[in-house]
Structure formats: structure tokens, C-alpha cells
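Here is the structure we will look at.
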Amino acid sequence: MYNALIKGFSGENPIKGFEFYVRMLRANIVPDNLSFPFLVRACAQLEGIDMGIQAHGQIVKHGFENDVYVQNSLVYMYSTCGDIKAANEVFSRMLSPNVVSWTSIIAGLNKIGDVEMARELFDRMPERNLVTWSTMINGYAKNNCFEKAVELFQILKDKGIKANETVMVSVISSYAHLGAIELGEKAHDYVVKNNLSLNVILGTALVDMYARCGSIEKAIKVFDQMPERDVLSWSALIAGLAMHGYAEKAIWFFSKMVNSGLKPRDITFTYLLSACSHGGLVEKGLELFESMKRDYGIEPRLEHYGCVVDLLGRAGKLAEAEKFVLEMPVKPNAPIWGALLGACRIHRNAEIAERVGNILIPLLPEHSGYYVLLSNIYARTNRWENVETMRQMMKEKGVKKPPGYSLIEVDGKVHNFKMGDKSHPEIEMIERKWDEILRKIRLAGYTGNTSDALFDIDEEEKENALHRHSEKLAIAYGIMRTEAPAPIRIVKNLRVCEDCHTATKLISKVFGRELIVRDRNRFHHFREGSCSCMDYW
């Protein structure tokens with residue numbers, strides 16, 4: 001009876017499970033090997049390492065430290081609590097570790113980010129089940145090793161193993177991050193052909209994937225087909241619409257969600273306010289911000305204040321945005337000041353930018369993006385001494401700008417381009433194609449905007465550097481290897497610079513191609529010489 005109660009409460013109410021274990025001891029009932037796995041799992045639920053160590057002591061005291069089921073629960077508990085050393089000690093003492101033991105230690109290694117060691121153990125396993133495959137694929141996805149997750153999924157399929165919904169969520173999420181819509185569509189087909197359940201989690205993953213891959217129409221279609229939707233499903237769609245700049249549509253779906261009886265969460269408002277910011281809907285955004293606490297009892301968090309700063313700043317209300325930050329009831333963090341600095345870049349306000357930079361850089365001295373933003377603001381006003389100061393500060397503190405890269409999917413394969421990287425097997429043809437594109441867009445009026453170049457170098461050098469930005473190489477490859485009317489889809493890890501934005505608009509016009517670019521902030525749909533962001537990003 002006590003074991004049943006400990007087991008029953010170990011998931012929903014772990015503390016209660018502990019209480020029944022103590023009551024059992026007080027009743028002079030000796031625990032057996034079935035008492036401890038669920039007691040230890042209760043510790044894992046709470047991520048309480050101290051309680052777990054006490055439970056481990058009880059296991060040793062009662063002589064069950066060599067029971068394989070008890071050992072498995074200990075490996076799982078220590079792994080979940082992040083003590084991989086203790087988990088490994090228990091695992092290494094096991095005489096006959098089974099598939100659960102191996103899977104638990106692999107999960108723990110994935111949790112601390114050691115996916116290489118996790119994969120090494122995965123490959124050494126004498127036998128694997130679907131949970132093991134799912135754990136390793138999910139570990140890759142959670143640690144941003146999306147290509148590895150996709151590769152392992154392919155191996156699983158080649159072995160004739162049928163994936164389940166959990167595996168497909170990790171795989172589809174990986175395709176979303178890679179922006180690989182062709183592979184994402186194949187994964188969707190796999191779900192349909194194998195009669196997998198389009199449950200809330202899998203359906204939401206598909207909505208997110210299509211939105212992140214640039215097809216908001218398909219995201220809406222999947223959303224409409226979902227038999228059941230929760231607040232996270234609605235939030236994923238609102239987030240997708242926000243990324244694409246469809247602010248009015250995001251607000252419409254929010255109203256529809258509220259009318260269906262679902263209560264929005266704080267993350268829903270983050271996406272909604274972001275949509276208003278990108279759409280320039282200042283009054284509506286402020287109204288929604290005020291409604292959070294008033295209508296839904298949600299206390300605004302720092303990210304919501306950050307969205308309001310971005311909303312005001314992007315609309316050119318820089319003084320109002322600065323006042324809002326200074327009068328916030330909570331202490332502003334670096335991203336909030338960063339949003340204001342980004343607005344100063346858009347509206348070329350060096351005065352406020354300097355004040356913000358003096359607060360922001362000491363707050364987060366290792367963040368390269370803020371140095372670069374402030375440097376670019378100085379560069380636009382030809383304040384090269386200040387630019388040099390920024391460069392020296394970065395050098396002294398060992399701060400380096402992360403390398404930009406652009407991904408493009410062609411024929412089911414994802415190609416990665418980096419500035420200055422010549423490792424692509426077709427790089428010579430790609431560079432010749434870019435030179436051809438450059439000649440044609442120059443005839444259409446392109447001159448090259450070097451204002452985002454960081455340092456005071458010769459204009460010709462700046463222009464040459466800009467012409468080798470990663471997205472330009474990706475666009476050249478897309479034009480080489482795809483045919484109209486198929487859109488060219490590109491994913492960037494950094495914000496699109498002004499020169500690339502101008503060049504891409506002209507490419508869409510001169511070559512009659514639609515280009516869909518996802519940068520760090522949002523989507524840009526380039527058609528017939530204009531962009532969906534209306535030059536407002």
C-alpha cells in the first residue's frame with residue numbers, strides 16, 4: 001500500500017511521496033526494492049540533489065544498492081539533477097546495465113551539453129530501444145546540433161525503425177531551426193503516412209516549423225487541422241505571424257483564442273507585443289501591454305517591458321522610450337537597453353545611443369553586438385575616433401563578433417555559407433554568379449551602402465567586404481540552382497545589414513524572384529523590389 005502511494009505521488013506531488021515513505025518507516029514497515037525507484041524519481045521531479053543523496057543513503061542502509069532497478073533510478077535522478085559524475089559512478093558499478101541504464105546516462109550527458117560523450121555511449125550500446133533513439137536525437141536538438149539530429153533520424157529510418165511522435169517533434173524542431181522546408185515537408189509526410197497522432201505537441205512543432213521556414217500559409221493550414229489546440233499552439237502561430245510582420249493577423253488570432261475560452265500566458269503577450277513592434281502598431285501595443293495585468297492578471301516581465309521599448313523606439317519615439325526605461329518599476333536589464341540602442345541605430349540618434357552605451361557595455365561587457373551597434377552609429381556620423389575606441393575596448397576585453405552565416409536548402413540538402421569561407425565545392429562558380437548579379441543590379445541603381453561597415457577603412461575595401469557577406473553568396477547559389485517561381489529561402493544567424501537588404505530588394509526585381517530571408521529578428525519577404533518589413537527592422 002505504501003509503495004503504491006509513493007508511486008502515485010512521485011509524479012504529481014513528489015513531496016507527498018516522501019511523506020508516505022517517512023510514515024512507512026514510522027510504522028516499522030521495512031522498505032523493499034520497489035519502494036526506492038519511485039522515491040528517487042520523486043527527487044528527480046523536484047531536481048533536489050540533497051534529497052536524492054538522502055534517498056541514496058537509505059538505499060545503501062537497506063541493502064538495495066546493487067538492485068538494477070534501483071540503480072537505474074539513481075542514474076536517472078543524478079542525471080536529471082545535473083550531477084553527471086555521481087550518475088557515472090553508479091552506472092560504472094552496475095554489473096549488467098540494461099537499456100534503461102544506458103539511456104539514463106545518455107540523457108544526463110545530453111543535459112549538461114556533452115553530446116559527443118553521449119553519442120559515444122549510444123554507439124557502444126549492446127541494444128537500443130526507441131526511447132534511446134529519441135533521447136539521443138532530442139539531445140542533439142536541445143544542444144543546437146540540428147544537423148546531427150537530422151542525420152541520426154536518417155540512420156533510424158535506414159534501420160527500418162518506426163519513429164514515434166516524440167522523435168518527430170525533435171526532428172521537426174531541428175528542421176525549423178535549419179530553415180529546411182523541403183525536409184520539413186518530408187517529415188510531415190512521414191507523420192501522415194505512418195499514422196502518427198497529430199497531438200498538441202507534434203501539431204505545435206509543425207506550426208512552428210512551417211512558420212520558421214517561411215511558409216506562414218502552411219503553418220495556418222496545419223493549425224486549422226489540429227484536432228486539439230492549447231495556449232502554446234495559439235502562441236506558436238501568433239509568434240510565426242509576428243516574425244513575418246503580420247501584426248493585424250496576429251491580433252486577430254489572439255482575439256479568437258481568448259474568445260475560445262483559453263487564457264493567454266505571458267509568452268503569448270511577448271509574441272503579440274513583438275508583432276505590434278514589427279508592424280508599427282504603437283497604440284495597439286501599449287493597449288495590450290496595459291491589458292496584461294488589468295484583464296488577465298499577468299504581471300509584466302522584463303521581456304514585456306523590452307517589447308514596449310522596442311515598440312516605441314522603432315516608431316521613432318526615442319525620448320519616450322528612454323523615459324519609459326528610466327521609470328520602469330523593475331531594474332532594466334541588458335536586452336532592454338539593447339532594444340533602445342537598436343532603435344537609435346534605426347533613427348541615427350548618436351546622442352541617446354552614447355548615453356545608453358555607457359550603461360549597457362559595463363552591464364554586459366562580453367556581448368559583441370552592443371559594441372558593433374554603437375560603432376555603426378558612430379560610423380554613420382563619421383565619428384571615427386569613437387569607432388576606434390570601441391574597437392580598442394573589444395580588443396582589450398577579448399570580445400569578438402560572432403561570424404555570420406547563412407543557410408540555404410537546395411534539393412533536400414542544407415548548404416552553409418560564411419563570409420570569407422571558400423570550402424564550398426562550387427565556390428568559384430558561386431562567386432562568378434555573384435559578380436554577374438552585381439553587374440545587373442548596379443545597372444538598376446545599386447551603389448553599395450557601406451554605412452554598416454565597422455571601421456574607418458577605404459570605401460572600396462568596405463564595398464568588397466560587403467559583397468562577400470554570407471547571404472549574398474547564398475542568394476547567388478539559390479539563383480544558380482533553383483528555378484522561378486520557387487522562392488529562395490535563406491536563414492541568417494545575424495541581423496540583415498542595410499546593404500544586403502538593399503541589394504536583395506533589387507535582386508528580387510531584376511531577376512523576378514521571390515526571396516524569403518529569416519534573420520535574427522524577423523522574416524523579410526522580398527518581391528518585385530520591395531520588402532515586407534517596409535524597410536523597418
Side-chain angles (χ1 to χ4, degrees), residues 239 242-243 245 247-248 250-251 266-294 298-365 367-381 383 386 390 451-452 494-498 501 519-522 533-537:
M243 278 192 292
E248 299 280 3
I251 293 165
D266 57 356
I267 191 71
T268 316
F269 278 100
T270 303
Y271 298 141
L272 202 55
L273 291 169
S274 174
C276 292
S277 178
H278 286 300
L281 304 180
V282 178
E283 295 306 319
K284 186 64 182 177
L286 293 173
E287 180 192 318
L288 287 164
F289 178 76
E290 291 298 325
S291 74
M292 286 179 66
K293 190 171 183 180
R294 184 189 65 222
I298 298 172
E299 194 70 45
R301 293 155 59 99
L302 278 168
E303 51 263 40
H304 300 114
Y305 286 103
C307 286
V308 173
V309 174
D310 193 54
L311 177 75
L312 294 168
R314 283 175 185 271
K317 298 175 181 287
L318 296 178
E320 199 175 326
E322 186 179 24
K323 184 172 181 284
F324 180 83
V325 174
L326 295 171
E327 293 177 356
M328 279 170 52
V330 289
K331 186 179 178 181
N333 61 4
I336 288 174
W337 289 112
L340 184 53
L341 187 63
C344 291
R345 181 201 60 81
I346 292 171
H347 299 287
R348 307 189 180 213
N349 190 316
E351 183 188 339
I352 294 178
E354 197 156 28
R355 286 202 294 271
V356 172
N358 289 334
I359 297 168
L360 185 56
I361 288 174
L363 202 60
L364 211 62
H367 193 295
S368 66
Y370 300 140
Y371 294 92
V372 173
L373 261 178
L374 197 51
S375 294
N376 286 338
I377 293 165
Y378 287 141
R380 288 176 176 196
T381 51
R383 292 170 63 176
N386 298 93
M390 288 291 104
S451 64
D452 273 352
L494 302 177
R495 177 190 161 276
V496 174
C497 75
E498 283 195 26
H501 195 268
D519 74 1
R520 189 180 59 195
N521 295 331
R522 60 166 296 155
C533 77
M534 296 176 287
D535 301 336
Y536 184 85
W537 81 106

**OP:** Determine yes or no for a side-chain-to-main-chain donor-acceptor pair under 3.5 angstrom, with His367 supplying the side chain and Gly369 the backbone.
**Re:** yes

Original post:
Are the side chain of Asp310 and the backbone of Gly306 linked by a donor-acceptor contact shorter than 3.5 Å?
Top reply: no

Original post:
With Leu311, which of Leu273, Leu286, Leu288 fulfils side chain to side chain contact (heavy atoms under 4.5 Å, CB included)?
Top reply: Leu286

**OP:** Please name the pair of heavy atoms, one in Asp266 and one in His304, separated by the smallest distance, quoted to 0.1 Å.
**Re:** O-NE2, 2.7 Å

Original post:
Does Arg355 CZ have over 12 foreign heavy atoms under 6.0 Å away?
Top reply: yes

Original post:
Is a side-chain N or O of His278 found less than 3.5 angstrom from the main chain of Met243, in a donor-acceptor match?
Top reply: no

Subject >> Nearest heavy-atom neighbours spanning Ala315 and Val282 >> reply: CB-CG2, 3.4 Å

Original post:
Side-chain contact, heavy-atom cut-off 4.5 Å: Asn386 with Glu354?
Top reply: yes

Subject >> Side chain to side chain, Cys276 and Ile251, heavy atoms closer than 4.5 Å >> reply: yes

Subject >> Shortest non-hydrogen contact between Leu281 and Ala247, atoms and distance >> reply: CD1-CB, 3.6 Å

Subject >> Pairing of Glu287 and Lys284 as salt bridge, 4.0 angstrom limit >> reply: yes

Subject >> Sub-4.5 Å side-chain heavy-atom contact between Val356 and Val325 >> reply: no

Subject >> Nearest atoms (heavy-atom pairs only) where Cys344 meets Leu318 >> reply: N-CD2, 4.2 Å

Subject >> Separation of Lys331 NZ from Leu363 CG (nearest 0.5 Å) >> reply: 7.0 Å

Original post:
Could Arg294 and Glu290 be called an ion pair, given the rule that one side-chain N must be under 4.0 Å from one carboxylate O?
Top reply: no

**OP:** Might you point out which heavy atoms bring Ala321 and Leu340 nearest each other, and give the distance in Å?
**Re:** CB-CD1, 3.8 Å

Original post:
Any side-chain heavy atom of Tyr370 sitting closer than 4.5 Å to one from Pro365?
Top reply: no

Original post:
Does the ring centre of Phe289 sit less than 6.0 Å away from the ring centre of Phe269?
Top reply: no

Subject >> Where Glu320 and Leu312 come nearest, the two heavy atoms and their spacing >> reply: OE2-CD2, 3.6 Å

